[in-house]
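Here is the structure we will look at, set down as C-alpha cells.
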Amino acid sequence: MRFWKRSDAQARTLARASRVQHWRQLDRRRRRRLWLSRAWVAARDRTAQLRQDGRILAGLVGGVLGAILGTAALVTALEALATTVSHVLRWGTLFTPIDPGSYGAFVGVAVGAEAAFLALFFTTVGVIASTAYARVPGEIRSLFVRERTSLIYVWNVAVALLVGLALLTMPLVAHRSPHGITVLLFAVLTAFSVLSLVLLGTRLFNFFDLSTLSLPLRHRFARAATSASAGRSVPGEAQQQAAHDRAAAVLRIYGQLTDLIEKRDVSEARAPQRIALELLDCWYAASALKPTIPAKSKWFSLAPSHPNWLTMDHTQLSTALATRTSVQPTMTPDPLWAENTIARYLERLLLALSTHDDWERAIRVVDGATELIFYLAARLQVDEARLLRRTVTSYLHGVAAMSEPSSGDESSGARWEMFRLAAADREVLIYTRFWLGLISAFEHADAQRLASSFDAAVATVQGPYKAGAPRKLLELFETIAHGIEFERTTEHQRVTPTWWVHHMAARTLLQNLVTTIRAFLDEVRAELIEPLIADTNTDAALVTIRILDSLELVHKLTAHLGTVHQAVAALGALRHEPTNDERWPDGSLPDDAPPLLAEQLYLKLGQVALQLGHDSHDSTRPDLFGQSYRQLFDATFRAILNGRTDLARQLFPIAIAMADRARVRLSSDLAAERVREQIIFGSEPLLDMMELSGLALLMSEIDAPGIWPDVHVLWDGIISNGTAPALAAHLSAVLSAHENLFAITPDSVGRTERKIALARLMSERGIVSRAGMWGEPPAPEPESPIVGVFAPWDHGIIQPDLADLFVVRYLKQRPDMADLKIPRRAEMLQESLDHYQHRMEQTEQAGDPNKTGEEA
Amino acid sequence: MRRPRPADGLRSTRRSRTFYPVDPALQERMQATSFEAYYIFLLHQDLDFVIPYTIGRRGGPQARVTGPDADRAAPLIERALSGRDWTPSIADSVRQFVSSTAQQLVIGGPVTYEIDYLYPLAATSGPPGEFRLELVLPGTLSYHGRQPIQYIPAAFGGPRDKTGLTYVDLDPATLVTFRLNPADEAAARRMVNFLRAASSLQGAELPLMEQSTRGGTPYSFTEHQRERAELFAKATEPVGWNVRGLFQDNLLAPYDVWRQLRFLEFKIRLRNLIMDRLNTTLSEVGSQMGFQAAIELSGLPTLQDVDDAKSDLRSGRRSLNDLATFAI
C-alpha cells in the first residue's frame with residue numbers, strides 16, 4: 001500500500017523517461033523525422049530541378065515554337081497557294097488532296113527517324129562518357145548522365161517514338177483509325193525532336209569540360225544550408241542532419257571534380273576558376289546563413305569532446321563511479337567542417353590556376369576570396385576568415401617565391417613577373433581587407449542600439465537566429481533565450497533581468513573583440529611584418545610592394561583603432577558595475593604596436609628602395625621608386641619632427657640618396673618638357689634635401705642634440721672640396737629659381753603643410769613669436785636665434801623657409817663658400833638671425849646686474 | 001520505543017506516545033511522512049535553515065521572551081520547546097523547534113503537538129508547574145469521528161479499530177496543530193510526492209546507460225538529464241527549492257538566485273506561520289499556568305527584505321553574488 005500517489009503528470013513523465021521503451025520510442029520518432037526530412041530536402045531539390053526544367057523547356061519551346069509557326073505559316077501559305085493555283089496548274093497530285101492512308105508511311109519513316117535520333121544522342125553521350133568521363137567517380141558520371149537538358153530531350157524523343165508506335169499499331173490492335181489530332185501531335189513531337197537536336201546537339205560537346213556539370217551544385221549546397229537554418233521555426237535535428245548529408249554530398253562531388261581537374265594532362269584555367277568561384281559562393285552562402293543555424297545543429301560535423309573528471313557534474317560523476325565506467329564523450333559540433341573542406345579544395349585549385357597565360361584568373365579567384373574574407377570578418381566569423389586568409393596567403397607566398405616555369409619566350413616571362421607582383425600585392429591586401437571588415441562590424445557601435453539588439457535576441461527561442469551574432473555570442477543568446485523560455489514554463493514569467501543579459505552579451509562580445517584585435521595584430525606582426533623584415537629576397541620590387549602595402553595596412557590599423565576604442569567604450573557602458581565582474585575582459589588595446597611596425601617597415605624600405613631601378617617612369621608598371629621616395633621622405637620628416645632620433649638618423653642618409661636619384665630620374669622623365677617645367681619639377685628633390693636638412697638643424701636647436709651633427713657630417717662628405725663650390729652654387733641657384741617662380745606645385749603645397757605641422761609642434765611647446773604682440777608673452781623668448789626666428793605667429797604661420805636655413809647656416813658658413821651668392825630670402829633670414837642674436841645679447845646684458853654699464 | 005519521562009517529581013498529562021515503528025502496518029503509515037528518500041532528505045536538510053544557526057550569536061539574529069512575565073516564563077518556555085531540562089539558550093530552542101516543525105510540515109503535512117502539562121506529584125489542584133510540547137509522531141494521528149486518536153504499537157496495549165491497529169485516545173484540548181494554508185499545502189504535497197517518486201527512480205539511468213554502452217538502446221544521458229531538470233524545476237516551483245543545484249540545464253544565474261530568494265521567502269513564511277501558532281499556544285498555556293509571554297525574533301530577514309531583494313534583482317541595484325549571499 002502506498003500513501004503517496006504517483007499520479008502526478010510530472011512523476012509519470014519522470015518514470016516514463018527512466019524506461020528503455022521511452023528511449024526506443026524517441027529513437028524511432030527521430031529516425032522517422034530524419035527520413036521525412038531527407039525526403040523533404042530531396043523534394044525541394046526536385047522542385048528546384050523542375051523549375052530549372054521549366055526554364056529550359058520554356059527556352060526550347062520558344063525556339064521550337066518559332067520554327068513550328070514559321071513552318072505552319074509556310075505550309076498554310078503553300079496550301080492556300082495550291083488551292084488557288086489548282087484550277088490553273090494541273091501537275092499530277094501536287095496541288096490536289098491526297099489519301100489519308102499515306103500517313104502510315106510517314107509515321108513509319110518518322111518513327112524510324114526518332115529511333116535514329118535516340119541512337120545518335122546516346123552515341124554522342126557514349127563518346128563523351130568513354131573519353132572525358134572514362135575515369136570519373138560514379139557521382140560525377142551520374143551528374144553528366146542526368147544533366148537536365150539532355151534528359152528533357154531524351155524524354156521528348158521517347159514519347160514521340162511511343163506515340164508513333166501507337167499510331168502504327170492502333171489500326172491492327174484496336175481496329176480503328178486514329179484521329180487527326182493524334183497524327184498532328186505526333187508530327188509536332190517529331191518536329192520538336194528534330195529542332196531540339198539542332199539546338200541541343202552542340203551543347204552536348206560542352207560536357208567535355210567536367211566543370212560545366214558543377215553549375216547546379218552550389219544552388220544545391222545553398223538550399224541545404226537554408227534548410228538547416230532557422231526561419232519562422234527552428235529546424236529539428238532530423239532536418240539538420242538531412243541538410244548536412246546533402247551539403248556534404250555536394251562538397252564530395254566538388255572534391256571529385258577538383259581531383260579530376262588536378263590530374264588533367266593539359267592545364268587549363270577556366271575549369272578550376274569556375275569551380276573555385278563556385279566554392280567561394282558556397283562558402284559565402286554558408287557564412288550568410290551561419291548565424292541562423294543553431295550552434296549545436298547537426299548541420300555541423302560532430303567531433304568527440306571528452307569531459308573533465310575534476311569538474312564534472314555530480315549526477316554524471318556518481319553514475320560513472322557507481323558503474324566503474326568511463327564517461328562517454330559528448331559530440332560537439334565542428335563549426336568549420338564545410339569551410340575546412342572548401343579550403344582544401346581551393347588550395348589545390350589555385351595551384352592549377354597558376355599558368356603563364358591565365359594567371360589573371362588566379363588573381364580573380366584571389367580577389368573573390370579577399371572580398372569573402374572582408375564579409376566573413378564583418379560578420380565576426382573570425383576563424384572562418386582566418387582559415388581562408390591563411391589558405392590564400394600561403395598560396396600567394398608560394399607564387400611569389402615560385403620561379404618562372406620554363407616557357408621560352410620573353411613576353412611570358414614579363415607576364416609571370418606581373419603575376420608575382422600581383423600576388424605580392426594581394427598577400428598584404430588580404431590582411432587589410434580582413435581588418436577593414438573587422439572594423440566595419442563595430443562602426444557606429446552605440447550602447448543603446450546594442451542593448452536593444454541583445455534584448456531582441458533573447459526575447460524568443462527564435463530570437464538568437466535573427467541577431468546575426470558571431471558564434472560565441474550566438475551560443476550565449478541561445479542559452480539565455482532557452483533559459484528565459486524555461487523560466488516562462490516553470491515560473492510563468494520572465495525572471496532574468498535585462499541588465500544581466502546586457503552585461504553578459506557585452507562581456508562576450510568585448511572578449512571576442514579584444515581577443516580578435518590583439519590576435520590580428522600579433523598575426524600581422526608574426527605572419528607579415530617579421531618575415532618581411534627578415535626577407536633577404538633579391539627581388540627588390542617584390543619586397544617593396546609588400547612593404548608599401550604593409551605601410552597602408554599599418555596606417556589603417558592606427559586610424560581604425562579609434563573605432564575599436566569607441567566600441568570598447570560602448571560595450572563598457574553595458575557593464576553592470578555592482579557585479580564587479582572579475583571575468584570582465586581587459587579592454588586595453590595594443591595602440592603602440594602599429595607605430596613600431598611602421599618604424600620597422602620604413603627601415604626595411606630604406607634598405608630595399610636603394611636597390612630599386614630609377615630609370616625613366618614606365619606607366620605600364622607601378623612607380624615603386626617614386627612611391628618609396630615619397631614615403632621615405634615623409635617618414636624622415638616626421639621622425640625628425642617627432643624627435644624619433646634613432647629612426648631619423650637611419651632614414652636621413654637614405655632619403656638624401658633617394659632624392660639624388662629622384663633628381664637624376666626627373667631629368668630624364670622631363671627631358672621632353674619645356675625648360676620652365678624642367679626647372680620647377682626637376683629641382684624639387686634638391687629642395688627636399690635642403691628642407692630636410694634645415695629641419696634637422698632647427699629641431700637640434702629645439703631638442704638638442706638631435707641628428708644635426710650626423711647631417712652635418714653627411715653633407716661634409718657630399719660636398720667634397722673639389723665639387724663644393726659648384727654643388728653649393730647649384731643648390732643656391734635652385735632656391736633662387738623657386739623664389740622667383742609664381743607656380744603652385746604639388747610639392748610646394750606639401751612644403752606648406754609640413755611647415756604647418758612644424759608650427760603646430762612649436763606652438764604646442766610654447767614656442768610662439770612675440771613680434772608685434774602686446775603684453776607678456778606666454779613663455780620666455782627662446783635663446784636660440786634659429787628657434788626664435790622660426791617661432792610661429794599666434795595663428796600658426798612660420799615665415800622663413802627651412803631650405804634657406806640650411807643655406808644660411810651650413811652652406812654659407814663653410815670656409816670655402818665665402819663667395820657663395822645666396823637668394824634674397826636667405827639673405828633676409830640671415831639678417832633676421834643676426835638681428836635676433838644682437839637683440840638677445842642686449843637683453844642679456846641689460847638684465848645682468850653684475851655687468852657694468854660700459855659692458856652693457 | 002521511547003516513552004518520555006517527566007521531570008523528577010512531576011506528573012504528566014501526556015497521552016501520546018513516541019516510539020519506533022516496529023509494526024508493519026504502522027510502519028507503512030509512517031513511511032508516508034518519513035525523510036528516507038534521497039531528494040526528500042536533501043529538502044529536509046535545506047529546511048533546517050528556516051532559522052539560521054547564527055541565531056543567538058553575537059552580531060546575529062536574536063530570540064527572546066517578551067511580555068509582563070517574561071522572566072518567569074523564559075526558562076519554562078526554553079524547557080518546553082527543547083524537551084530537555086537544560087538548553088544552551090532560548091534562541092537554540094526556538095531554532096530547533098521551528099526548523100523541526102517546518103521540516104515535518106513540508107514533508108509530512110500538518111504537524112500536531114500535544115501540550116504536556118506537568119504537575120507536582122503531591123499537588124492535587126492548582127496550576128501545572130511545567131509544560132512540554134510533545135510531537136505526535138507524523139502519520140500516527142487519526143480521528144474517530146471528532147475524537148483524535150494516535151495509532152500506537154500493539155505492545156502498548158489498548159483498543160483496536162477496524163483496521164486492527166491499536167490506538168490511544170488523545171485530548172483535543174491539549175493538541176496544537178501547525179498547518180499550511182490550503183494552497184501551500186496542496187503544492188507541498190504535489191512536490192513531495194514528486195520527490196518521492198524521483199527518489200524511487202534514483203539510479204534508474206544506470207541500466208539504461210549500461211544497455212546504451214552495449215549498443216542496445218539509443219539512450220541519451222544528456223537528454224534525460226535535461227528532461228529531469230525541467231520536471232524538477234516545475235515540481236519544486238511552489239517553494240522555489242533548487243534541488244541543491246543538481247540540475248543546471250537551462251538555469252540562468254539570475255533565475256538560480258531568484259529560486260534561492262523564493263525558497264528564502266517560503267522559509268520566512270513557514271517561520272512566521274510557526275511562530276504565530278507557537279505564540280498562540282504559549283498564550284493558551286500561559287492562561288493555564290498564569291503567565292503572559294511570547295517569543296520575539298529579531299534580526300532575521302523578512303518578507304519585505306525578500307521583496308526588496310527581488311526588486312534589486314530586477315533593477316540591478318545589487319549584484320547576483322550579494323543577493324545569493326543574502327538568500328543563503
Side-chain angles (χ1 to χ4, degrees), chain A residues 1-8 10-15 17-24 26-28 30-31 313-316 318-320 322-323 325-328 330 479-480 482-487 489-492 494-504 576-581, chain B residues 28-29 31-33 139 189-190 192-194 196-198 200-201 203-213 216-225 227-235 237 246-255 258-259 262 313-322:
Chain A
M1 183 182 169
R2 270 203 180 95
F3 284 88
W4 50 271
K5 292 179 188 172
R6 203 194 271 180
S7 56
D8 270 350
Q10 287 155 355
R12 275 205 309 274
T13 311
L14 189 70
S18 305
R19 285 197 292 267
V20 73
Q21 288 86 346
H22 169 76
W23 296 98
R24 287 205 176 114
L26 275 184
D27 189 50
R28 275 199 298 277
R30 200 173 293 138
R31 274 187 287 177
D313 75 71
H314 168 77
T315 316
Q316 219 173 356
S318 62
T319 307
T323 54
T325 52
S326 180
V327 177
Q328 288 178 338
T330 49
T479 306
I480 296 178
H482 281 102
I484 289 173
E485 187 66 17
F486 185 68
E487 290 161 15
T489 312
T490 53
E491 300 279 330
H492 309 291
R494 174 178 165 169
V495 173
T496 297
T498 52
W499 64 261
W500 186 80
V501 175
H502 297 166
H503 177 87
M504 295 301 288
H576 183 246
E577 290 300 338
T579 295
N580 197 17
D581 189 353
Chain B
E28 208 167 308
R29 278 192 74 92
Q31 199 181 2
T33 58
R189 291 289 66 73
R190 271 200 302 275
V192 169
N193 287 346
F194 174 83
R196 285 194 194 286
S200 72
L201 293 167
E205 65 273 16
L206 297 184
L208 287 171
M209 283 177 77
E210 208 175 333
Q211 284 185 46
S212 168
T213 315
T217 54
Y219 172 71
S220 161
F221 178 79
T222 316
E223 214 169 304
H224 193 186
Q225 190 74 346
E227 203 168 331
R228 284 201 293 185
E230 190 171 333
L231 291 169
F232 269 89
K234 280 180 183 167
E237 184 275 330
L246 283 178
F247 301 100
Q248 290 291 323
D249 278 315
N250 287 325
L251 197 71
L252 300 177
Y255 184 42
W258 171 267
R259 292 289 291 236
R262 293 261 337 271
L313 173 64
R314 283 193 205 96
S315 67
R317 265 195 299 276
R318 287 159 75 185
S319 72
L320 294 182
N321 279 346
D322 282 353

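Note that the structure is a prediction, hence the values are computed from the model and not measured. Chain A is the first sequence line, chain B the second, and so forth, proteins listed ahead of strands; every chain is numbered from 1.
- Both the backbone and the side chain of B:A253 have a heavy atom closer than 4.5 Å to some heavy atom of chain A.
- Remark: B:K234 NZ to A:L14 CG distance equals 12.0 Å, nearest 0.5 Å.
- Top candidate by heavy-atom pairs under 4.5 Å with chain A, chosen from B:E237, B:R259, B:R228, B:R317, is B:E237.
- Nearest heavy atom pair, residue A:T496 against residue B:P254, reads CG2-CG, 3.8 Å.
- Closest non-hydrogen pair, B:S319 versus A:P578, comes out as CB-O, 3.3 Å.
- Among B:L251, B:D249, B:L313, the residue making the largest number of heavy-atom pairs under 4.5 Å with chain A is B:L313.
- Expressed to the nearest 0.5 Å, how far CD of A:E491 lies from CH2 of B:W258 amounts to 7.0 Å.
- Of the two parts of B:R318, only the backbone, made up of N, CA, C and O, holds a non-hydrogen atom closer than 4.5 Å to a non-hydrogen atom of chain A.
- In this structure, chain A has heavy atoms under 4.5 Å from both the backbone and the side chain of B:E230.
- One finds the CZ atom of B:F232 at 14.5 Å from the OG1 atom of A:T490 (value rounded to the nearest 0.5 Å).
- Ranked by heavy-atom pairs under 4.5 Å with chain B, the list A:I480, A:L26, A:T479 is led by A:I480.
- Between A:M504 and B:L252, the closest side-chain pair of non-hydrogen atoms is not below 4.5 Å.
- Heavy-atom distances place no part of A:H503 under 4.5 Å from chain B, backbone and side chain included.
- Proximity to chain B (any heavy atom under 4.5 Å) is shown, for A:H482, by both the backbone and the side chain.
- Atom CD of residue B:E223 and atom CH2 of residue A:W23 lie 5.0 Å apart, to the nearest 0.5 angstrom.
- Contact of A:R30 with chain B is made through the side chain alone, with heavy-atom distances under 4.5 Å.
- Here the closest non-hydrogen pair linking A:F486 and B:N250 is CD2-O, 3.5 Å.
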